Protein chains: 2
Amino acid sequence: MTERREAVLAAVLALLVEKGAAALTMTAVARSASCSKETLYKWFGDRDGLLTETVRWQASKVRAGAYDRQHLDAGALRESLEGFAANWLSVISSETSVALNRVAIGQAETLGGIVLANGRFAIGERLKGLLLDARNARLVAFDDAEEAFRTFFGLVGRDIQIRLLLGDRFTIDGAAIADDARRAVQQFLALYGATKTPAQAG
Amino acid sequence: MTERREAVLAAVLALLVEKGAAALTMTAVARSASCSKETLYKWFGDRDGLLTETVRWQASKVRAGAYDRQHLDAGALRESLEGFAANWLSVISSETSVALNRVAIGQAETLGGIVLANGRFAIGERLKGLLLDARNARLVAFDDAEEAFRTFFGLVGRDIQIRLLLGDRFTIDGAAIADDARRAVQQFLALYGATKTPAQAG
DNA sequence: ACCGAACCGTAACGTACGGTACGGTCATAT
DNA sequence: ATATGACCGTACCGTACGTTACGGTTCGGT
């Protein structure tokens, strides 16, 4: 991935965020990236290839949220879960993510799988690892890690992503994300925590 | 709303579900509905009007899930919540809803608001009514009905809608919906129920 | 100095689609 | 019987966009 290539993809992303998918014409990309259309086609094949490359590139930047596998006690678990939750919330509420998910949904056949693999399923695998470790440490109890993760996913994301995708003006700043993450983890541990925590939440 | 009009909107919906938004050309609609393009433009103004009308029409069909306000005890509450949950799950997992949400997301400026108003916010208002009644009856405890509803929303929907929107092949039959609804309500009541229910779930 | 590759800017091409126009048909009303 | 109007099918128009082609420029290698 050369630097010039990344500049082009960054231009695609910027256009997507600012003007929406409809305005993302090859001409607009070429002008915005100060490159010729011929170069775009030589590098990316066609419009679909350019979009695919952009989605992949952005997805590769989102990777984050590994947790510390050492000494997993209740506090470390909570902290790791909150880290996952806050990171995930900041991703899905970012303008970039919203714009990219919009185009991926518009071309679910070709792009949806990429976004799913790098988003929902990537975080699922990482989080399930944490959950299984936590279960081994008798910190949580569940039968099915996948189901436990899906509940966590729901408690964290709630209605945020669909509202943003559907155009609801909706700003959520860092403090709100931190609060949301804490609440979601609190609720998750109330449901799955092996140590009895008060069921009251919200 | 005349019958012929509905037939046209039904054709739009069918095209949307079968072929996707990209194949939804005015010519295709006219052919599929066995009407002329001129009629389409006379009736609906332009393509956007046709889409808007279709979204509105479908939204008007989704209204459901009023609950029985009489004698709200723990059993009736659980039953009503499960009814909401199952209804909501069946809606968002239907091919029609997926297709319609896809186009609405693709045109979030014009269509997203309609879908939000008739989906997320409509069910929110109805469910908050139930939750407030339940709180009056000392069946649940929360400070903010909106927040409680959003948690319910997350526990019910989890990752289903985003996965379907992004093209994940994902069938969920009536039995699975019923199971999911029961689990979600169980978890919700574990978090918000005033009567102490076992926090164990999943 | 010169070559070739890569690239830029722009023009051009083909096509597909939104929107309009028009002739023909059928039903209803007078 | 005839007129009116709604509607169908199709042809047509203008435009926008994906894609290709081409002339000019820059730049590293020899």
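Since the structure is predicted, the reported quantities are computational estimates derived from the model, not experimental observations. Per chain, numbering begins at 1; letters A, B, ... match sequence-line order.
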Q: Mind listing the side-chain donor-acceptor pairs of residues 7-20 of chain A below 3.5 Å, one per line with the distance, residues two or more places apart or on another chain?
A:
none

Q: Identify, with sequence neighbours excluded, every residue that meets side-chain hydrogen bond (donor to acceptor under 3.5 Å, both in side chains) alongside B/S97.
A: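 Result, side-chain hydrogen bond (donor to acceptor under 3.5 Å, both in side chains) vs B/S97: B/N101.
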Q: Please enumerate all residues that pass side-chain hydrogen bond (donor to acceptor under 3.5 Å, both in side chains) together with B/R135, with sequence neighbours excluded.
A: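 Scan of B/R135 (side-chain hydrogen bond (donor to acceptor under 3.5 Å, both in side chains), adjacent residues dropped) gives none.
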Q: Which residues pass the side-chain hydrogen bond (donor to acceptor under 3.5 Å, both in side chains) test with A/K128, not counting sequence neighbours?
A: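 side-chain hydrogen bond (donor to acceptor under 3.5 Å, both in side chains) check on A/K128 returns A/E125, A/E146.
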Q: Applying ring-ring contact (aromatic ring centres under 6.0 Å, His included), name anything that partners B/F153, two or more places apart in sequence or on another chain.
A: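 B/F153 satisfies ring-ring contact (aromatic ring centres under 6.0 Å, His included) with B/W88, B/F149 once adjacent residues are dropped.
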Q: Whether A/S36 contacts C/dC7 is assessed here as follows: a side-chain N or O lying under 4.0 Å from the phosphate OP1 or OP2. Is that the case?
A: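 Checking C/dC7 against A/S36, no side-chain N or O comes under 4.0 Å of OP1 or OP2.
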Q: C/dA6, OP1 or OP2 - any side-chain N/O from A/W43 closer than 4.0 Å?
A: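 Looking at the OP1 and OP2 atoms of C/dA6, neither is under 4.0 Å from any side-chain N or O of A/W43.
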Q: Can you check nucleotides 22-28 of chain C for protein contacts, nitrogen or oxygen pairs under 3.5 Å, and list what you find?
A:
unit_1: C/dC22; atom_1: N4; unit_2: B/E38; atom_2: OE1; d: 2.3

Q: Rounding to a whole Å, what distance do you find between B/Y41:OH and D/dC12:C1'?
A: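 About 13 Å, once rounded to whole Å.
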Q: If you look at every heavy atom in B/L164 and B/I92, which pair is closest and at what distance?
A: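 Heavy atoms of B/L164 and B/I92 come nearest at CD1-O, 3.7 Å.
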Q: Under 4.0 Å between a side-chain N/O of B/R4 and OP1 or OP2 of D/dC8, yes or no?
A: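 True: B/R4 side-chain N/O within range (under 4.0 Å) of D/dC8 OP1/OP2.
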Q: Can you pull every protein N or O that's under 3.5 Å from an N or O on nucleotides 15-17 of chain D?
A:
none

Q: Tell me which donor-acceptor pairs under 3.5 Å the side chains of residues 27-36 of chain A have, and how far apart each pair is, sequence neighbours excluded?
A:
unit_1: A/T27; atom_1: OG1; unit_2: A/K37; atom_2: NZ; d: 3.2
unit_1: A/S36; atom_1: OG; unit_2: A/T39; atom_2: N; d: 3.1
unit_1: A/S36; atom_1: OG; unit_2: A/T39; atom_2: OG1; d: 2.9

Q: Check the distance between D/dG18's P and A/L40's CG and give it to me in whole angstrom.
A: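 Going from CG in A/L40 over to P in D/dG18 covers 11 Å.
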Q: Report yes or no: do B/R183 and B/Q187 form a side-chain donor-acceptor pair below 3.5 Å?
A: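 Present: a donor and an acceptor within the cut-off.
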Q: Whole angstroms only, please: what is the NZ-P distance between B/K37 and D/dC13?
A: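 These atoms are roughly 14 Å apart.
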Q: Starting from C1' on C/dG19, measure out to CG on B/L24 and report it in whole angstrom.
A: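 Roughly 15 Å, once rounded to whole Å.
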Q: Would you mind reading off the distance between A/K42 atom NZ and D/dG18 atom C1', rounded to a whole angstrom?
A: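 Going from NZ in A/K42 over to C1' in D/dG18 covers 18 Å.
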Q: I need the full list of salt bridge (charged side-chain N to carboxylate O under 4.0 Å, His left out) pairs touching residues 156-172 of chain B, with sequence neighbours left out, sorted by first then second residue.
A: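 Salt bridge (charged side-chain N to carboxylate O under 4.0 Å, His left out) check on residues 156-172 of chain B returns A/E109-B/R169, A/R120-B/D159, A/E147-B/R158, A/R150-B/D159, B/R158-B/D180, B/D159-B/R163, B/R163-B/D168.
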